[in-house]
Protein chains: 2
Amino acid sequence: MPKPTPLLMTVDVVALSVRPDDGLCALAVRRGSEPHKGRWALPGGFVDKDEPLDKAAARELGEETGVSPRSLELHQVGAYGAPKRDPRGRVVSLAWLTALPASTEVAGGDDATDARWFPVADLLKPRKLAFDHATILKDALALAGRELEDSSFGTRFLPRAFTVSDLREVYEAVWEQELDAGNFQRKVTGVPGLLKPTGRTVQRGRGRPAALYTAGSATTISPPLTRVG
Amino acid sequence: MPKPTPLLMTVDVVALSVRPDDGLCALAVRRGSEPHKGRWALPGGFVDKDEPLDKAAARELGEETGVSPRSLELHQVGAYGAPKRDPRGRVVSLAWLTALPASTEVAGGDDATDARWFPVADLLKPRKLAFDHATILKDALALAGRELEDSSFGTRFLPRAFTVSDLREVYEAVWEQELDAGNFQRKVTGVPGLLKPTGRTVQRGRGRPAALYTAGSATTISPPLTRVG
DNA sequence: TCAAAAGTGTTAACTCTACACCCATGC
DNA sequence: GCATGGGTGTAGAGTTAACACTTTTGA
């Protein structure tokens with residue numbers, strides 16, 4: 001049994017949002033220091049001593065992008081630890097997924113000279129993201145898709161009150177497919193505790209006003225939503 | 001941006017097996033050194049410098065339990081990094097899930113004075129497992145159940161050639177529920193590429209001989225197997 | 001001949017998809 | 001009125017759970 005080798009651990013956050021003009025976007029920051037200074041990367045940084053891993057992810061997201069919502073639902077995507085993935089030495093990254101409302105304003109800070117929302121397709125272009133962050137983003141997108149199937153994760157993309165159409169647009173953006181509006185309506189309103197009616201309605205352009213809901217207490221959707229219809 | 005604090009990283013492996021008398025079991029080792037010397041724990045240990053994380057998990061499993069199958073399918077369960085989880089300091093554990101055939105012989109080695117299969121219910125008893133390994137085991141069991149739904153992971157519990165009943169017993173053990181034999185048969189044999197008939201049959205006690213299959217090339221089951229029926 | 005396990009057939013219940021249709025609003 | 005999006009109704013297709021039934025063996 002050899003003496004253990006210490007290593008460095010970072011947390012990186014894939015923060016997704018569905019934005020009116022650009023569709024599904026992820027938050028990226030421009031790196032303010034080496035390595036990959038000046039390139040775009042996922043917000044993240046080193047875990048502090050005695051800091052829980054999820055708290056580290058929330059802290060780094062806040063420091064580098066100015067995002068600090070009241071409650072952040074963070075899902076572990078996975079650990080990325082290929083030996084040469086970071087030129088600084090052995091750095092293992094723990095990736096996290098979260099979703100933010102489209103209204104979320106971002107601003108570079110700390111070690112990030114800039115922070116911006118990018119359509120995910122842009123970020124997945126070769127050599128756009130530093131390190132192995134494109135791989136992380138791909139895995140996070142897959143996880144997001146699975147979360148939508150059987151959890152209330154989709155509501156995390158939306159403001160406190162939202163319509164069923166708002167929620168459907170989130171699903172369509174993440175799943176990259178259109179859904180039947182009527183069937184979707186029935187399905188999500190039929191899950192006990194998923195959506196809590198507010199009694200209020202909202203008018204958006206033309207058409208009948210839509211009922212406003214808030215997220216209910218249910219966190220799982222059973223049976224899962226399917227990606228057809 | 002404070003100077004990064006190095007930390008220690010371990011890999012821990014939840015190796016599951018469905019055993020004739022004990023049902024669903026996990027592999028545990030008796031710790032040969034402090035902390036928790038003499039207690040049972042999941043096999044695992046420190047990640048070496050320049051060692052990929054999955055390789056570290058496979059290596060530790062081999063060193064501590066004597067298990068070294070030609071191919072090991074390892075699934076990441078998650079990272080566990082509560083600040084006080086290990087008295088040696090800041091140690092983050094990355095947990096992995098794998099499945100082994102019931103025929104797998106184990107023997108303590110390296111830093112483990114003993115290695116044994118335990119029914120999972122035993123290992124989940126309070127204070128049975130060292131560190132936060134009971135939590136890790138619970139999460140790994142949940143992941144195993146999900147893997148069975150939509151992947152070929154179940155075949156990893158079985159020897160190269162197996163019957164549909166063998167596979168069903170795996171599902172019943174992991175899901176903790178009985179399944180209709182006829183419906184299960186139809187479902188799994190109907191998934192294209194999941195099972196490859198060998199043309200041979202095997203007689204087990206009474207009853208009609210069962211056809212032997214090997215795992216096919218398909219890794220996903222769509223639509224997923226459901227836990228009813 | 002009986003019991004047991006493997007494997008197939010059958011059907012009623014259920015679910016889902018596709019689309020029709022009504023509702024409530026702005027223009 | 002008419003277009004548009006919200007929301008409900010519904011029929012046909014497809015799927016599934018439950019269980020009957022046949023097959024093939026050991027005892």
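Per chain, numbering begins at 1; letters A, B, ... match sequence-line order.
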**Student:** If you look at every strand shown and take non-hydrogen atoms under 4.0 Å, does B:Ser165 touch a base, only sugar-phosphate, or nothing?
**Tutor:**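 If one applies the 4.0 Å heavy-atom cut-off, B:Ser165 turns out to touch the sugar-phosphate alone, with no base involved.
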**Student:** Going by an N to O cut-off under 4.0 Å, is there a salt bridge joining B:Asp150 and A:Arg146?
**Tutor:**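 A salt bridge is absent here (no side-chain N lies under 4.0 Å from a carboxylate O).
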**Student:** Does a salt bridge link A:Asp122 with A:Arg116, judged by any charged N lying under 4.0 Å from a carboxylate O?
**Tutor:**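 A:Arg116 and A:Asp122: not salt-bridged.
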**Student:** Could you state the NZ-C1' distance from A:Lys187 to C:dT15, rounded to the nearest angstrom?
**Tutor:**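 Answer to the nearest Å: 9 Å.
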**Student:** Please tell me whether B:Ser71 and B:Arg156 have a donor and an acceptor in their side chains that are separated by less than 3.5 angstrom.
**Tutor:**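 Present: a donor and an acceptor within the cut-off.
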**Student:** Grab the OH-P distance between A:Tyr213 and D:dG6 for me, whole Å please.
**Tutor:**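 Checked: the OH to P distance equals 12 Å.
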**Student:** How many Å lie between CD1 on B:Ile221 and C1' on D:dT16, as a whole number?
**Tutor:**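 One finds 17 Å between C1' of D:dT16 and CD1 of B:Ile221, rounded.
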**Student:** Among C:dC19, D:dA18, D:dG6, which nucleotide has an atom closest to any side-chain atom of A:Asp180?
**Tutor:**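 The closest nucleotide is C:dC19.
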**Student:** Rounded to the Å, how far apart are A:Leu179 CG and D:dG6 P?
**Tutor:**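 Roughly 14 Å, once rounded to whole Å.
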**Student:** Would you tell me whether B:Asp139 and B:Tyr80 have side-chain atoms, one donor and one acceptor, within less than 3.5 Å of each other?
**Tutor:**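 Side-chain D/A pair, B:Asp139 to B:Tyr80: present.
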**Student:** Do the rings of B:Phe153 and B:Phe157 sit parallel, tilted or perpendicular, given the 30° and 60° boundaries?
**Tutor:**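 Perpendicular: the ring planes of B:Phe153 and B:Phe157 meet at over 60°.
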**Student:** Between atom CG in B:Leu225 and atom P in D:dT15, what is the gap in whole Å?
**Tutor:**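 One finds 15 Å between P of D:dT15 and CG of B:Leu225, rounded.
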**Student:** Check the distance between D:dT10's C1' and A:Asn183's CG and give it to me in whole angstrom.
**Tutor:**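 Checked: the CG to C1' distance equals 11 Å.
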**Student:** B:Phe184 has an atom CZ; how far is it from atom C1' of C:dA5, in whole Å?
**Tutor:**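 Computing the B:Phe184:CZ to C:dA5:C1' distance gives 15 Å.
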**Student:** Atom CG of B:Asp166 and atom P of C:dG7: how far apart are they, to the nearest Å?
**Tutor:**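 In whole Å, C:dG7 P lies 10 Å from B:Asp166 CG.
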**Student:** Any residue in residues 190-212 of chain A with a heavy atom nearer than 4.0 angstrom to DNA chain D? Just list them by number, or reply none.
**Tutor:**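 Within this stretch, A:Arg206, A:Gly207, A:Arg208, A:Pro209, A:Ala210, A:Ala211 sit under 4.0 Å of the strand.
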**Student:** At what distance, to the nearest 0.5 angstrom, does OH of B:Tyr213 lie from NZ of B:Lys196?
**Tutor:**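 One finds 13.5 Å between OH of B:Tyr213 and NZ of B:Lys196.
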**Student:** Do any side-chain nitrogens or oxygens of A:Gln185 fall under 4.0 Å of OP1 or OP2 in D:dG7?
**Tutor:**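 It does, given that an N or O in the side chain of A:Gln185 lies less than 4.0 Å from OP1 or OP2 of D:dG7.
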**Student:** With a cut-off of less than 4.0 Å, is there a side-chain N or O of B:Thr226 near OP1 or OP2 of D:dA17?
**Tutor:**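 Yes.
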**Student:** Working to the nearest 0.5 Å, report the span between CG of A:Leu225 and CG of A:Leu194.
**Tutor:**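 Between atom CG of A:Leu225 and atom CG of A:Leu194 there are 8.0 Å.
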